[in-house]
Amino acid sequence: WALLACGACAFSAIAQIAEEDGGARAIAGFDVRLQVDNGDPELRTGLNLDLITANRTQRLRFSGDFGLTVPLDDVENATMNDPSYGLDYLRDTGRSRISFSADYSETDISRLRNQEDDAETEFDESTLTISEDGSRERRQAAFGLDLGLNDPVGARLRYRLDQTLYTDVTDPDLEDAIVNELT
């Protein structure tokens, strides 16, 4: 249960294109670290990327982030972990507005457990273990429509979806959930 970070390196970059009526911007980050986990060396990386384009009436944004774990003694068993992605769009003409967003993320669930459940036994650090208990997926989406923003009469419509799904979990309190909301 030993965790030792041997080295780390981080890199970030920002690029922007400015125009009279709008432009684009990209923000990226990359980090690398070598760590020893349970005696096995691993190369862990993380990458995040945000792409944003906009003008006076509309904006589009994409974001992505994930980690990559590469065991140095078995490179073929590289795994991608904790990915998350997002997309946002907005169009606003002053009289009407439409918006859409979607997000997805997946996370491994791990917990610290005590192997001794006896309340009479003294606490012993060696009885603690980390257990992998499956994964959690989260999906979110939202849609909005506004009409007649500057008019005496207008309309508004909103929809939201929030979904949480668990896979291979042992905890009975972790249940799938779906929320649909229309206003």
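Quick caveat, the model's predicted, so the values are computed rather than measured.
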Atom of D108, atom of D82 and distance for their closest heavy-atom approach: N-OD1, 3.3 Å

Minimum heavy-atom distance L149-G94, with the two atoms named: CB-O, 3.5 Å

Between OG1 on residue T167 and CZ on residue R136, distance to nearest 0.5 Å: 11.5 Å

Carboxylate-amine/guanidinium contact D162 R138, below 4.0 Å: yes

Atom CZ of R160 with >12 non-hydrogen neighbours under 6.0 angstrom: yes

Which atom of D176 lies closest to which atom of Y166, heavy atoms considered: OD1-N, 2.8 Å

V153 backbone acceptor or donor facing D151 side chain under 3.5 Å: no

Between CG on residue D88 and CG on residue D103, distance to nearest 0.5 Å: 6.5 Å

Residues D50, R61: salt bridge by 4.0 Å N-O rule: yes

Co-membership, hydrophobic cluster, residues I98 and L60, 4.5 Å side-chain: yes

Option from Q140, E137, Q163 for which side-chain contact (heavy atoms from CB on, under 4.5 Å) with Y104 holds: E137

Approximate separation, where rounding is to 0.5 Å, of L90 CG and T57 OG1: 9.0 Å

Step-by-step side chain to side chain contact (heavy atoms under 4.5 Å, CB included) determination, R139 to L161: CA-CA 8 Å; R139 301 171 184 159; L161 167 71; 5.7 Å; no

Interatomic distance, S99 atom OG to F143 atom CZ [nearest 0.5 angstrom]: 7.5 Å

Nearest-0.5 Å distance, CG of residue L182 to CZ of residue R158: 11.0 Å

CG on L87 to OG on S101, rounded to 0.5 Å: 8.5 Å

Joint hydrophobic cluster, L147 plus F100, side-chain heavy atoms closer than 4.5 Å: yes

Contact check, side chains of L157 and Y159, non-hydrogen atoms, under 4.5 Å: no

